[in-house]
Amino acid sequence: MSRRSAKGPDGLVVIDKPAGHTSHDVVARLRGIARTRRVGHAGTLDPMATGVLVIGLGRATRLLGHLALTDKEYLGTIRLGQETVTDDAEGAITAARGAGTVDRAAVEAAVVPLTGDIMQVPARVSAVKVEGKRAHRRVREGEEVELPARPVTVSRFTVHDVGPARADDGTPVLDVTVTVGCSSGTYIRALARDLGAALGTGGHLTALRRTRVGPYRIEDATELEHLAERARTRSRGPAGTGRGEDGEGGGDGSFPAFAPMSLEEAAASAFPRWDLDTRRTRLIANGVRLDAEELPGALRSAGPVAAFGVDGRLVALVEAEGRHIRVRVGFPEP
């Protein structure tokens, strides 16, 4: 087996997560498809949601915690007229006030206070920890959970279609299609809940699709089943000698038939670039802290910067810190 196939591929994969899968489910599938244990994800999606999920493979998992994925965009449907325990369609209905008298003008007016820098109370059924225990576990065990509000930014809350409908229990409801641009940590379910509260109808989220995370868009995403099928096809090809891990990787020790975005491409798309000379390449690769003045002026306040060696290889993520350049994470040659 080659050295590379023993370690697995390095890079990012942008997955179009299917409904009904947790983010961890996707990671588990990718471990089998890519034939590596070194798989992680940046930014969790609820099982009900679909869309962009950024996956790191191999050494690229070291990038995930540093990616500036604070700017996200979603397409969602909010149902006004009913509340649920989870603030989405996955939970039991707790109130059904109806929304038969609400019109589009009222909806558009109600989203205005929910736009900009706001204080948001997260959904109670969420991964937020309360005294060391996840809020969703406390709620499912029958506890009353009160979560504190926290600052988030909703840069865009655009109302598209507004359509009256009748829920399964006969309640007159209003289904509102929206686009939301927001910072990391914003709960779209909570926006649905708060929009319904502002209108006096109650509300919950019935559909959600993440269309962008940082620089990665849904147009760049690949369906998980497409990758799995390509891997299965490769394992049945002339070079294959059997099924790989979880029955999906190539059985000949080669990689499945998909190519992740390289470590260098991923870093260049997400961080400002600094091309090093030979001396700086050697010093930074060895973890030596350079004077901050060596970093080009425009990059000194840019946060993490991707430092590339003379051969074009990603050497490290660095950042100006006081009078020195700090190596946030290094990427030694494989």
Side-chain angles (χ1 to χ4, degrees), residues 8-17 22-27 30-31 34 36-46 49-74 127 150-156 180-188 209-222 224 227 258-275 284 295 298-309 312-321 325-332 334:
D10 292 319
L12 290 188
V13 181
V14 182
I15 295 294
D16 184 353
K17 188 190 85 66
T22 67
S23 300
H24 292 296
D25 290 338
V26 176
V27 166
L30 259 295
R31 283 178 177 147
T36 177
R37 302 297 300 174
R38 297 181 66 189
V39 182
H41 66 85
T44 301
L45 271 177
D46 289 338
T50 66
V52 173
L53 184 66
V54 180
I55 302 289
L57 304 173
R59 292 188 302 149
T61 57
R62 305 183 72 187
L63 270 181
L64 296 178
H66 299 271
L67 287 170
L69 305 182
T70 56
D71 184 21
K72 304 178 182 182
E73 193 167 277
Y74 298 86
R150 55 188 187 180
V152 299
T153 299
V154 179
S155 56
R156 180 185 179 193
V180 176
C182 59
S183 61
S184 183
T186 305
Y187 280 83
I188 311 302
R209 183 162 177 75
R210 188 155 67 189
T211 55
R212 183 173 59 81
V213 179
Y216 309 112
R217 297 180 175 274
I218 193 65
E219 293 81 6
D220 306 320
T222 302
L224 190 61
L227 292 182
F258 82 97
M261 182 189 307
S262 72
L263 192 60
E264 285 71 26
E265 289 178 283
S269 68
F271 302 97
R273 182 184 182 113
W274 182 24
D275 289 302
I284 289 178
L295 193 64
L299 300 179
R300 292 174 196 166
S301 59
V305 173
F308 289 84
R313 182 179 60 84
L314 179 65
V315 177
L317 291 183
V318 302
E319 187 171 2
E321 189 174 84
I325 298 171
R326 178 182 174 188
V327 176
R328 291 289 183 186
V329 59
F331 298 91

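Residues A306 and L314 come closest through the heavy atom pair CB-CD1, 4.0 Å. Taking both residues in full, the closest heavy atoms of Y74 and T211 are given as N-OG1, 4.0 Å, listed atom of the first, atom of the second, then distance. G185 and V152 make their closest contact through O-CG1, 3.9 Å (heavy atoms, listed as atom of the first residue, atom of the second, distance). Residues P304 and P272 approach most closely at O-CD, 3.4 Å, considering heavy atoms. Closest of all the heavy-atom pairs between A298 and A302 is O-CB, 4.1 Å. Across I284 and A316, no two heavy atoms sit closer than the pair CG2-CB, 3.8 Å.
One distance of note links CZ of F271 with CG of L63; it measures 5.5 Å at 0.5 Å rounding. To the nearest 0.5 Å, atom CG of residue L57 and atom CG of residue L263 are 10.5 Å apart. The line from OH of Y216 to OG of S269 is 3.0 Å long, rounded to the nearest 0.5 Å. Atom CZ of R150 sits about 5.5 Å away from atom OH of Y187, to the nearest 0.5 Å.
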Apply the test side chain to side chain contact (heavy atoms under 4.5 Å, CB included) to residues V315 and V327: give CA-CA distance (whole Å), side-chain angles for both, the deciding distance (0.1 Å), then the verdict. CA-CA 10 Å; V315 177; V327 176; over 6 Å; no
K17 vs T50, test: side chain to side chain contact (heavy atoms under 4.5 Å, CB included). Steps then yes/no. CA-CA 5 Å; K17 188 190 85 66; T50 66; 5.7 Å; no
Take I325 and V305 through the test side chain to side chain contact (heavy atoms under 4.5 Å, CB included) and record every step on the way to the result. CA-CA 10 Å; I325 298 171; V305 173; over 6 Å; no
Go through L64 and L12 one step at a time and tell me if the side chain to side chain contact (heavy atoms under 4.5 Å, CB included) criterion holds. CA-CA 9 Å; L64 296 178; L12 290 188; 4.0 Å; yes
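Between the side chain of R300 and the backbone N or O of L295 there is at least one donor-acceptor pair closer than 3.5 Å. A donor-acceptor pair under 3.5 Å is formed between the side chain of S183 and the backbone N or O of T153. Checked by atom type and distance alone, the side chain of S23 pairs as donor or acceptor with a backbone atom of L45 at under 3.5 Å. Under a 3.5 Å cut-off, the side chain of K72 and the backbone N or O of S184 do not form any donor-acceptor pair. A donor-acceptor contact shorter than 3.5 Å links the side chain of R212 to the backbone of G214. For D16 (side chain) and G51 (main-chain N/O), a donor-acceptor pair under 3.5 Å exists by modelled atom type. A donor-acceptor contact shorter than 3.5 Å links the side chain of R210 to the backbone of V52.
Using a 4.0 Å cut-off between charged side-chain N and carboxylate O, D10 and R38 make no salt bridge.
L227 places a side-chain heavy atom less than 4.5 Å from the side chain of V13. L224 places a side-chain heavy atom less than 4.5 Å from the side chain of L30.
Each of R217, R209, R156 was evaluated against E73; a single residue qualifies, R156, per the salt bridge (Lys or Arg N to Asp or Glu O under 4.0 Å) test.
Judged by a 6.0 Å distance limit and a 45° cone about the ring axis, R273 is positioned over the six-membered ring of F308.
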